[in-house]
Amino acid sequence: LLFFSSQTDALADSLSSVGGTLPHFLQEPEDAYIIKNNPIKLRCRATPALQIFFKCNGEWVHQNQHTSQEYMDHNTGLKIREVTINVTRQQVEDFHGPEDYWCLCVAWSHLGTSKSRKATVRIAYLRKNFEQDPQGKEVPIKGMIVLHCRPPEGVPMAEVEWLKNEDLVSSLGDDNIDTRADHNLIINEARLSDSGNYTCLASNVVAKRRSATATVVVFVNGGWSLWIEWSPCSVNCGRGVQKRSRTCTNPAPLNGGAFCEGMSVQKITCNALCPVDGVWEEWSEWTMCSAQCERQRWRECNAPPPRHRGKMCEGEGQSTENCTGGLCTQNGKLMHDVKPQSMENSIDVALYSGLAAGVIAVVVLIVAITLYRKSQSEYGVDVIDSSALAGGFQSFSFRTTRQGNPLLLNSSMQPDITLGQTYSSPICFQDSIDKELFDPLPDKVKVQSSFMVSLGVADRAEYHVKAHPETLPANLHPNYSTVEGKMMAMIVPNGFHTLRKTQFKTSAVFGHLGGRLVIPNAGVSLLVPHGAIADDTSWEMYMLTNQEESSAQSEERCEILLGPEVTYGPPGLNLSYPVAMTIAHCAEVSAENWNIKLKRQTKDNKWEEIMSVDDESTSCYCLMDSHSCHLLLDQPGCYALVGEPITDATIKRLRIAVFGSMEASMDYSLRVHCVDDTPHAFQRVVTAETSRGGQLLEEPKMLFFKGNCLSLQVSIQDIPQFLWSIKPFTTCQEFSFTQVWYSNQQPMHCAFSLQRHSASTTQLSCKISVQQVKGHEQILQVYTSVGESEKEPVPFFMQADCTVTSQTGAKAFKIPLSIRQRICTTFDTANAKGKDWQLLAQKLHIQRNLSYFTKQKSPSAVILSLWEARHQDSGDLDSLASALEEIEKIHCKSLPQNPDEKETDFTF
């Protein structure tokens with residue numbers, strides 16, 4: 001081989017000195033890549049050429065490794081020589097030089113030699129992992145999208161393509177897309193259609209690689225529409241409110257875009273001019289007697305004239321009468337020639353007719369007085385004696401005993417979270433030793449309640465009620481009512497068996513005496529007034545709360561659910577008076593910050609707004625207290641109270657509670673619950689912790705959460721580091737503003753997992769801080785025992801004797817029936833001295849939307865039902881008695897001072 005190489009070099013050197021035409025390469029070897037273990041071929045073609053040899057990495061390739069052939073070019077008549085060699089992967093791997101493996105061709109002719117270009121041979125590969133994967137982005141519409149991609153290392157260098165939802169992205173037909181800039185994908189102005197899943201695809205001769213998928217979301221931030229026109233003044237007379245609104249629909253938020261900032265509702269005060277009814281002027285003087293024996297007089301409606309939608313004067317503005325006593329002939333002359341005897345006969349007939357009419361009137365008057373006295377004998381007098389309010393009924397009195405101290409390191413002494421203490425809303429009726437006190441039905445027709453209270457520690461209510469049990473007819477079946485011998489089917493979904501399975505539903509049979517329904521631990525009750533149901537009818541009524549996710553609120557208008565959705569029925573219920581429904585809510589009520597509405601579910605499961613709390617309405621009535629809303633409703637159905645924030649200062653209340661339980665022999669879990677401050681929402685926490693065996697470690701506390709888009713942070717502090725450890729980066733957790741604000745009665749919680757260093761550690765003390773960013777903060781102090789000796793944790797609630805969820809008859813009301821009837825008799829009739837139902841409403845602090853009561857058959861009865869709903873948890877008649885005493889003082893001041901005038905018997 002050495003001899004062949006030396007001879008070949010000498011031949012090439014000697015021939016190169018000869019003049020003439022040298023060999024010309026028609027094909028030179030090209031760069032090649034070895035794919036996997038497949039060898040590659042290098043090819044040379046030259047003319048004229050006696051020999052062609054390959055030289056690789058500076059050394060001649062052995063003649064045996066060459067494959068050569070010679071053929072004639074018919075166009076030129078020259079001989080063409082072609083030579084090929086194979087290069088294997090092993091040859092390339094074994095070469096260790098300063099540069100890549102290379103080969104070239106050397107061609108000889110009679111006139112000399114020629115050399116071809118160098119061709120490099122490399123082993124092709126492509127790594128699996130991308131040096132940089134594209135990252136998902138959220139981009140506003142018309143913003144720029146830049147997706148970076150650095151393909152894996154490879155030989156040859158990989159080419160990059162982009163896929164969107166598995167389709168190839170091309171920039172040829174779209175000037176908005178650029179895929180040529182250093183493998184990156186650039187979209188100059190994002191469109192909604194650009195949202196999708198993008199993948200970077202790298203490929204070369206040996207393989208293809210796909211990057212991680214990057215999700216691009218093009219979002220649209222909301223924009224306000226134009227303000228609508230100002231609404232009419234909310235009142236017809238005096239100081240009221242005008243509103244205008246706008247919606248976040250120009251454009252509407254899309255793909256997670258931000259909601260509009262600012263107020264959706266604006267309110268301003270307005271002064272409506274009060275209507276002035278027209279009043280007649282005095283009659284004018286009579287005119288002279290006309291030829292037709294008539295005279296006339298006139299009056300004008302100008303004292304004052306009607307203004308501002310006032311009524312026109314009633315009656316006629318012109319009066320005409322005969323001016324001769326009827327003694328007038330057709331030609332207008334007096335009848336002087338009538339005989340005196342006929343005139344006397346006419347006078348006698350008139351005299352006797354008048355006497356007969358007088359006798360009949362006296363007889364009718366005597367009968368009317370007799371019937372009136374007989375009808376009033378039941379009540380004695382038609383006035384009210386307020387002393388009977390205290391003597392005829394005794395109010396509830398609660399006595400509370402507290403067990404243990406929550407600050408002691410002893411889990412057996414649990415905080416007291418009886419809902420009766422935590423919330424000032426209706427919880428349940430307390431069962432007494434005398435069961436018949438709350439059982440108005442005979443044993444054969446008694447409707448048993450199936451609800452058991454699952455919340456409360458050591459708080460027991462003592463009460464005394466002076467009332468006689470009222471009973472329904474003995475033949476009344478729980479599922480039917482008798483109406484003059486006919487059976488009327490009652491409608492209750494799922495019957496009584498379902499009621500025994502859940503504590504968010506209750507029902508009872510009500511008759512003419514009325515009654516009350518209460519859902520335990522939900523802050524929801526329903527009052528059926530006396531007389532609402534016809535005397536010979538009874539209905540089985542039910543009430544339930546929705547446990548599914550609510551759809552009553554509209555997130556487009558930033559509405560949130562302020563209390564549970566409540567349904568009462570049955571459908572088709574026909575009542576003479578509206579029922580009073582009470583729903584606990586979580587709003588810090590303020591007319592400047594909240595726009596609170598009442599909604600009702602339609603038959604097609606959509607929600608319609610039936611009234612705003614600030615507006616006047618005759619279809620229903622809404623009275624907002626600090627923690628409860630009291631509704632007067634005529635139609636059965638599903639109702640929900642929703643609120644729309646008007647300013648950033650809008651506040652809703654949260655209830656914060658911390659529970660704990662052992663998860664393993666060395667692990668202890670602390671769970672912090674944040675729920676809307678209503679008994680219904682907190683009861684869900686109780687149910688979840690009961691199934692988990694959790695213990696309440698501190699009294700629940702209330703937190704003010706503002707609608708200012710700032711999040712809620714929960715952190716654990718002051719953990720004894722030498723006794724306990726916690727996972728890194730978990731000491732502070734956060735709820736986003738959207739999670740908290742739009743929770744809609746659904747519980748939220750976060751957990752802290754603690755591990756003790758030794759099994760001998762039996763005590764845990766720490767602090768839980770719950771704070772809205774830049775806002776209100778509450779501290780929950782935890783002191784508890786976690787010893788393994790406690791096989792069964794002491795529950796944070798106990799079974800209470802709270803099984804009665806309904807009352808019927810007199811026992812359901814604070815005001816005795818006789819006094820209620822006397823109040824209605826006194827105040828329903830308008831009195832010239834101001835002693836009517838409007839004064840009663842004013843003294844009971846019911847001062848708005850009085851037009852609703854004017855439509856009622858007995859305004860006083862409806863006002864008293866509303867008072868009963870507001871004071872059902874206090875059982876105190878003092879406020880009513882005080883109001884009646886104030887009315888009596890006003891009445892006494894307005895009495896005339898004339899000693900000869902008969903004194904009224906209106907006394908309290």
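If you're wondering where the values come from, they're calculated on a predicted model, not measured in any experiment.
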Are any non-hydrogen side-chain atoms of [X] and [Y] less than 4.5 angstrom apart?
X      : Y      : answer
Val782 : Ile768 : yes
Arg191 : Val218 : no
Met702 : Arg655 : yes
Ser743 : Val675 : no
Ile846 : Tyr621 : yes
Leu562 : Ile583 : no
Trp607 : Cys638 : yes
Pro253 : Cys248 : yes

Minimum heavy-atom distance between [X] and [Y], given as atom pair plus value:
X      : Y      : result
Tyr852 : Val862 : CE2-CG1, 4.2 Å
Phe853 : Leu632 : CE2-CD1, 4.1 Å
Phe813 : Glu868 : CB-OE2, 3.5 Å
Thr731 : Phe752 : O-CE2, 3.6 Å
Cys237 : Pro275 : CB-CD, 4.1 Å
Thr545 : Val524 : CG2-CG2, 4.2 Å

Within this structure, what is the [atom1]-[atom2] distance for the pair [X] and [Y], rounded to the nearest 0.5 Å?
X      : Y      : atom1 : atom2 : answer
Cys674 : Ile656 : SG    : CD1   : 3.5 Å
Gln781 : Ser769 : CD    : OG    : 11.5 Å
Asn593 : Glu644 : CG    : CD    : 12.5 Å
Asn236 : Leu273 : CG    : CG    : 11.5 Å
Gln601 : Thr567 : CD    : OG1   : 7.0 Å
Thr506 : Leu526 : OG1   : CG    : 10.0 Å

* Can you sort out the partners of Glu261 under side-chain contact (heavy atoms from CB on, under 4.5 Å), two or more places apart, ordered by chain and number? =>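 Checked Glu261 against side-chain contact (heavy atoms from CB on, under 4.5 Å); zero matches.
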* SG-SG distance between Cys622 and Cys629 under 2.5 Å? ->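 Disulfide absent: SG-SG distance not under 2.5 Å.
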Donor on one side chain, acceptor on other, [X] and [Y], under 3.5 Å:
X      : Y      : answer
Asp604 : Thr602 : yes
Ser619 : Ser617 : yes
Arg246 : Gln266 : no

Donor-acceptor pair, distance only, cut-off 3.5 Å: does the side chain of [X] make one with the backbone of [Y]?
X      : Y      : result
Arg870 : Asp625 : no
Lys706 : Gln772 : no
Ser225 : Asn250 : no
His776 : Phe704 : yes
Arg600 : Pro636 : no
Arg671 : Glu689 : no
Trp594 : Glu588 : yes
Thr582 : Ser525 : no
Asp676 : Thr678 : no
Ser231 : Lys243 : yes

Is [X] atom [atom1] crowded by more than 12 heavy atoms from other residues, nucleotides or ligands, each under 6.0 Å away?
X      : atom1 : result
Leu226 : CG    : no
Glu608 : CD    : yes
His308 : NE2   : yes
Lys701 : NZ    : yes

* To do: Give the intermediate values and the outcome of side-chain contact (heavy atoms from CB on, under 4.5 Å) for residues Thr730 and Ser753.
  => CA-CA 9 Å; Thr730 62; Ser753 181; over 6 Å; no
* Listed partners of Tyr568 passing ring-ring contact (aromatic ring centres under 6.0 Å, His included), at least two apart ->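 Listed in chain order: nothing, the list is empty.
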* To do: Let me see the working for Leu633 and Leu598 under side-chain contact (heavy atoms from CB on, under 4.5 Å), right down to the final yes or no.
  => CA-CA 11 Å; Leu633 304 172; Leu598 181 65; 4.2 Å; yes
* Yes or no on side-chain contact (heavy atoms from CB on, under 4.5 Å) for Leu670 and Leu754, after CA distance, side-chain angles and deciding distance? -> CA-CA 8 Å; Leu670 289 176; Leu754 303 176; 3.8 Å; yes
* Can you label the angle between the Phe659 ring and the Phe682 ring as parallel, tilted or perpendicular, going by 30° and 60°? =>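 Tilted, since the angle between the ring planes falls between 30° and 60°.
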* To do: For Thr690 and Val686, run side-chain contact (heavy atoms from CB on, under 4.5 Å): C-alpha distance rounded to whole Å, both residues' side-chain angles, the deciding distance at 0.1 Å, then the answer.
  => CA-CA 6 Å; Thr690 303; Val686 171; 3.9 Å; yes
